[in-house]
**Student:** 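To start, I am sharing the structure in question, which I have written as structure tokens.
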Amino acid sequence: MSKTTQEPLKYDFKAIEAKWQQHWQETKSYKVNEDQGREKYYLLEMFPYPSGRIHMGHVRNYSIGDVIARYKRMRGFNVLHPMGWDAFGLPAENAALKHGVHPAQWTYENISYMREQLKAMGLSYDWDREIATCHPEYYRWEQQVFQQLLKKGLVYRKKTTVNWCDDCATVLAREQVIDGCCWRCDQQVVPKNMYGWFLKITDYADELLDDLDQLGGWPEKVVTMQRNWIGKSQGLACDFQVENEEEKITIFTTRPDTIYGVTFMSLAVEHPLVDTLIAGTEHEQPVRQFIEQTLVEKQRMAMDQEPEKHGVFTGRYCINPFNGDRVPIYVANFVLMEYGTGAVMAVPAHDQRDFEFARKYDLPVRPVVQPEEKLDNNSMEAAWEGDGILADSAEFSGLTSAEAKKAIIAHAEQKGFGKRHITYRLRDWGVSRQRYWGTPIPIIHCDACGAVPVPDDQLPVVLPGSQPPYGSHAPLHQQEAFYTVTCPKCGQAAKRETDTMDTFMESSWYFGRYTGPRADAPIDTEAAKYWLAVDQYIGGVEHAILHLLYARFFTKLLRDLGYLGIDEPFNNLLTQGMVIKDGAKMSKSKGNVVDPHDLITRYGADTVRLFSLFAAPPERDLEWNAQGVEGSFRFLNRVFRLMHSHSDCFAAFDGETGGAALIQVDELSQTDRQLHRKTHQTIQRVTDSIETNFHFNTAISGVMELVNQITAAAGDGAKQPVGQAVLREALQTVLILLFPMVPHFCQELWELTGHNDPLDHHRWPEHDPEAVKEDELTVVVQVNGKVRSRLQVAADIGEEDIKRKALGDERVTNFIGDKAVKKIIVVKGKLVNIVV
RNA sequence: GCCCGGAUGGCGGAACUGGUAGACGCAAGGGACUUAAAAUCCCUCGGUUCUUGUAACUGUGCGAGUUCGAUUCUCGCUCCGGGCACCA
């Protein structure tokens with residue numbers, strides 16, 4: 001046993017971390033290139049918005065990522081692990097207004113500061129691939145892709161009612177409206193009519209939906225959320241002829257089987273036909289009044305409450321093409337113009353909304369789909385929305401709902417008044433923003449030529465004033481020098497587009513840019529072919545719809561433009577939980593923010609990393625606990641002392657092979673055998689934890705157990721001496737297994753224990769199945785399912801022997817008494833249950 | 001309302017395909033070392049009861065069920081978190 005009294009060494013994390021960070025930077029340890037001979041692994045964490053300083057969410061996200069990156073490197077993979085900045089966005093403009101700093105300056109300064117913070121965490125990035133989306137060398141390629149999409153008809157301009165946030169003075173995509181409020185500033189969103197640019201994401205709706213099935217490596221929850229967001233419904237689009245009028249009303253329904261139950265028609269207040277229907281009739285006034293009222297109500301009403309159902313009769317009728325019924329046409333406040341056709345065939349017996357409406361305005365309720373318990377229109381208190389057998393539906397009577405749907409659609413198609421139709425909840429993506437700090441949309445508006453794309457050789461359209469010395473950062477529509485141009489086609493005076501792109505555009509393809517960050521094209525196709533798809537993507541679940549849907553969409557766009565050869569960007573997705581404190585999300589307003597910077601200064605990066613990995617599994621929320629950090633720090637100190645007090649056991653051996661081959665399992669003493677076994681069990685356990693679900697918390701507790709056992713076996717109070725080879729193997733294993741989590745610490749001790757190779761590429765150990773085997777185990781003896789005794793037995797004991805032993809146990813016989821044994825269940829190596 | 005999660009000691013969390021509930025850590029209590037403190041080390045630690053034991057009973061949100069045996073499977077609830085929300 002080694003016990004040289006030496007000066008007590010302190011775990012000087014500051015010096016250790018500075019030393020290795022400098023070393024990694026100088027030797028570019030994490031720089032990678034395509035290497036066809038090696039298997040690649042692309043690990044990506046969601047890049048941060050450069051808000052000023054890193055927060056706990058970043059620490060957690062990037063700690064998790066770094067463990068995986070380092071682990072995979074030790075597994076022999078060629079690991080791409082890049083970092084960059086999602087650098088466009090409103091906070092830069094707000095900061096500019098508040099502090100009089102140009103958004104570009106503010107952003108680049110934040111990036112510099114945060115880059116140092118990330119380096120201080122010891123994260124193993126290939127910094128040569130760093131990108132910032134606000135840099136013209138990044139967004140120029142986005143502009144080029146925009147032009148190419150325009151050419152393909154996947155980008156278009158239209159005037160629509162948009163969600164407008166007054167505070168941010170910009171349009172929001174529907175995905176960015178949360179509970180009727182702006183996702184960023186929480187202001188109530190108001191409708192506004194204006195022109196904007198749109199990406200035809202709806203063209204890809206089916207593929208985005210179908211390919212969700214390929215995403216086996218994604219959390220089921222995220223897949224479901226996207227599926228619901230796309231919201232595909234299949235049904236029938238059907239024309240109802242308006243009585244005494246040329247016009248038809250087209251409806252969409254997912255329940256063609258209920259079409260014989262139609263008793264009225266509901267139109268959205270914005271429906272274009274309403275005007276024609278009421279013009280010059282006695283109903284014109286009341287209907288107009290109703291529409292006006294409803295529009296005001298809609299604007300005022302918070303989106304989270306449903307207003308009561310109202311409607312008004314237009315005085316007109318349309319004809320149900322199936323049975324020739326005259327159907328009264330109403331305008332109703334609950335019909336949405338944005339979904340389907342803005343017109344709904346109302347079937348009160350089978351739709352709850354229609355039912356409420358019908359009861360209110362005394363309209364007939366006509367059940368046509370009968371469940372097992374027959375519906376009666378007089379006694380019904382709610383609509384029956386389930387399936388059933390058709391009744392009162394002409395030749396379709398008697399069919400099931402499923403059969404009837406098919407038959408009725410076929411009938412409509414044959415007669416030519418309807419057809420099978422699919423509707424999506426997903427809308428096209430409006431990408432225009434009336435802001436300064438974003439990618440300029442590369443278009444010139446000419447009175448003669450229309451919207452003309454800026455020619456390729458004139459790209460990028462650079463944000464005016466964004467280069468030092470910095471100039472104006474007013475929204476572009478206020479910058480005359482910027483928008484006054486001549487038309488590239490005809491040379492006449494023209495106006496440059498002043499909208500910038502939604503910042504979600506930049507983050508939709510950055511993972512591709514990393515594969516060839518300085519390429520003279522949007523994507524380095526060859527490099528992308530090697531590196532993509534991303535093998536593991538890690539980020540917050542708050543991006544489950546927005547970012548992840550857009551990124552999937554862009555992948556398909558870039559594929560169809562010939563840049564990428566993949567359908568899906570992220571093979572595996574890990575959504576990490578939030579970091580919370582005192583049960584609530586950390587936020588300035590709650591005053592419960594913990595600054596990682598202070599912690600790193602006080603305990604070092606390794607301790608902070610260790611705690612954030614240890615406190616909870618990645619997908620769960622992590623409750624921050626200052627005392628827990630202290631505990632992680634203590635653990636590292638304990639390991640530090642342990643290594644130092646046994647450093648001499650490394651001296652006599654060759655550092656590379658470690659002399660593990662000298663260990664012969666059957667020649668080991670009892671103590672040695674136990675420690676050797678524990679060492680290999682720990683290897684197995686840690687490897688399993690990482691491989692199956694990245695549960696680093698259990699991996700770490702496994703190593704802690706090993707450390708505890710080493711201390712018990714080789715510490716001051718040890719009863720039996722422990723062999724040098726076994727001890728050395730155990731100590732080395734601790735360092736190797738812990739390296740991905742606390743890299744500076746382990747590398748330093750690795751060096752101290754006589755090794756000079758970097759742990760970065762040290763082979764990850766395999767457990768020896770022989771070493772892991774227990775030769776004795778504890779078997780539980782139950783009587784009627786209750787634990788009554790425990791037996792120490794040889795691992796290879798036979799079933800009969802163990803039964804006999806169990807029945808002979810004094811505590812067991814006491815419980816059995818004189819009752820007859822009915823049955824004995826033996827689970828090998830685990831337990832015996834005696835049923836009496 | 002609909003769709004997903006989740007609920008285990010004082011706390012964070014363990015427990016493989018049904019088989020020893022509470023690993024590991026934190027906190028707490030006791031002790032050693034010290035003039036003292038810090039640091040470190042050792043012991044105890046779900047609850048109740050007593051006869052203080054290798055004790056009994058009880059215990060994984062609640063109530064049933066399946067099973068020799070349920071934190072784990074089934075059914076019905078409660079509460080908490082997330083998503084969607086008049087989607088025809």
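Every value quoted in this text rests on a predicted model; they were computed, and no experiment measured them.
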**Student:** Which listed nucleotide (B:G69, B:A88, B:C24) is nearest to the side chain of A:N833?
**Tutor:**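 It is B:G69.
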**Student:** Given that both distances must come in under 3.5 Å, which nucleotide forms a Watson-Crick or G-U wobble pair with B:U78?
**Tutor:**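 Looking at the geometry, B:U78 pairs with B:A7.
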**Student:** Please give the distance between the C1' atoms of B:G29 and B:C77 as a whole number of Å.
**Tutor:** 40 Å
**Student:** For the residue pair A:N333 and A:T294, confirm or rule out a side-chain donor-acceptor distance under 3.5 Å.
**Tutor:**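 No.
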**Student:** B:C3, B:C16, B:G25: which one has an atom nearest the side-chain heavy atoms of A:T224?
**Tutor:** B:C3
**Student:** Could you verify whether a donor N or O on one side chain and an acceptor N or O on the other, from A:Y339 and A:S233, lie under 3.5 Å apart?
**Tutor:** yes
**Student:** Touch check for A:K822, heavy atoms < 4.0 angstrom, all strands: base, sugar-phosphate only, or nothing?
**Tutor:** nothing
**Student:** Who does B:C84 pair with, Watson-Crick or G-U, both distances under 3.5 Å?
**Tutor:**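 When the pairing criteria are applied, B:G1 turns out to be the nucleotide that pairs with B:C84.
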**Student:** Show your reasoning for whether salt bridge (Lys or Arg N to Asp or Glu O under 4.0 Å) applies to A:D12 and A:K14.
**Tutor:** CA-CA 6 Å; A:D12 183 359; A:K14 270 195 183 119; over 6 Å; no
**Student:** Anti or syn, where syn is a glycosidic angle within 90° of 0; which label fits B:G5?
**Tutor:** anti
**Student:** May I ask you to verify if any side-chain N or O of A:R790 is less than 4.0 angstrom from the OP1 or OP2 atom of B:G19?
**Tutor:**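 Result: no.
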**Student:** Would one find a side-chain N or O of A:N708 under 4.0 angstrom from OP1 or OP2 of B:G25?
**Tutor:**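 Yes, A:N708 has a side-chain N/O under 4.0 Å of OP1/OP2 on B:G25.
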**Student:** Taking only the side-chain nitrogens and oxygens of A:R788, find out if one of them lies under 4.0 Å from OP1 or OP2 of B:C57.
**Tutor:**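 So the side-chain polar atoms of A:R788 do come within 4.0 Å of the phosphate oxygens OP1 or OP2 of B:C57, strictly under.
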**Student:** Taking only the side-chain nitrogens and oxygens of A:K823, find out if one of them lies under 4.0 Å from OP1 or OP2 of B:C68.
**Tutor:**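 Indeed, a polar side-chain atom of A:K823 lies that close.
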**Student:** Taking the nucleotide of RNA chain B with the closest heavy atom to each, which residue, A:V827 or A:H695, is nearer the 5' end?
**Tutor:** A:H695
**Student:** Find out whether the Lys NZ or Arg CZ of A:R788 is both under 6.0 angstrom from the six-membered ring centre of A:F815 and within 45° of the ring's axis.
**Tutor:**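 Yes, cation above the ring, under 6.0 Å and within 45°.
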**Student:** For A:R353 and B:C87, is the shortest distance between a side-chain N/O and OP1 or OP2 below 4.0 Å?
**Tutor:**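 So the side chain of A:R353 is within the cut-off, an N or O lying under 4.0 Å from OP1 or OP2 of B:C87.
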**Student:** Of the nucleotides B:A14, B:U20, B:A56, which one has an atom closest to the side chain of A:T698?
**Tutor:**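 Minimum distance to the A:T698 side chain belongs to B:A14.
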**Student:** From the options B:A15, B:A88, B:U20, select the nucleotide whose nearest atom is closest to the side chain of A:T254.
**Tutor:** B:A88
**Student:** Which nucleotide wins on minimum distance to the side chain of A:Q627, given the candidates B:G12, B:G13, B:C26?
**Tutor:** B:C26
**Student:** Under 3.5 Å for both donor-acceptor distances, Watson-Crick or wobble: does B:A15 have a partner, and if so which one?
**Tutor:** none
**Student:** What nucleotide among B:C41, B:A14, B:A85 has an atom nearest to a side-chain atom of A:R641?
**Tutor:** B:C41
**Student:** Counting only side-chain heavy atoms from C-beta out, which of B:G12, B:C3, B:G83 sits nearest to A:A615?
**Tutor:**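 Looking only at heavy atoms from C-beta outward on A:A615, the closest nucleotide is B:G12.
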**Student:** Please measure how far the C1' atom in B:C16 lies from the corresponding atom in B:A21, and state the result in whole Å.
**Tutor:**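 It comes out at 15 Å once rounded to the nearest Å.
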**Student:** Under 4.0 Å between a side-chain N or O of A:R620 and OP1 or OP2 of B:A14?
**Tutor:** yes
**Student:** Using a 4.0 Å heavy-atom cut-off, does A:R811 contact any base of the nucleic acid, only the sugar-phosphate backbone, or nothing at all?
**Tutor:**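 Answer is base: heavy atoms of A:R811 come under 4.0 Å of a base.
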**Student:** Ignoring the backbone of A:E705, work out which of B:C24, B:U40, B:A88 is nearest its side chain.
**Tutor:** B:C24
**Student:** Is a side-chain donor-acceptor pair under 3.5 Å present for A:Q792 with A:T778?
**Tutor:**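 Result is yes, a qualifying pair exists.
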**Student:** What nucleotide, of B:U58, B:G19, B:C86, holds the atom closest to the side chain of A:F334?
**Tutor:** B:C86
**Student:** Separation of A:D621 atom CG from B:A7 atom C1', in whole Å?
**Tutor:**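 Nearest whole value for this atom pair: 14 Å.
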**Student:** Would you mind reading off the distance between A:L622 atom CG and B:G25 atom C1', rounded to a whole angstrom?
**Tutor:**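 Result: 13 Å.
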**Student:** Give none if B:A27 has no partner; otherwise give the nucleotide forming a Watson-Crick or G-U wobble pair with it, both distances under 3.5 Å.
**Tutor:**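 Base-paired to nothing in any strand shown.
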**Student:** A:R638 has a side chain; which of B:C41, B:G19, B:C26 sits nearest to it?
**Tutor:** B:C41
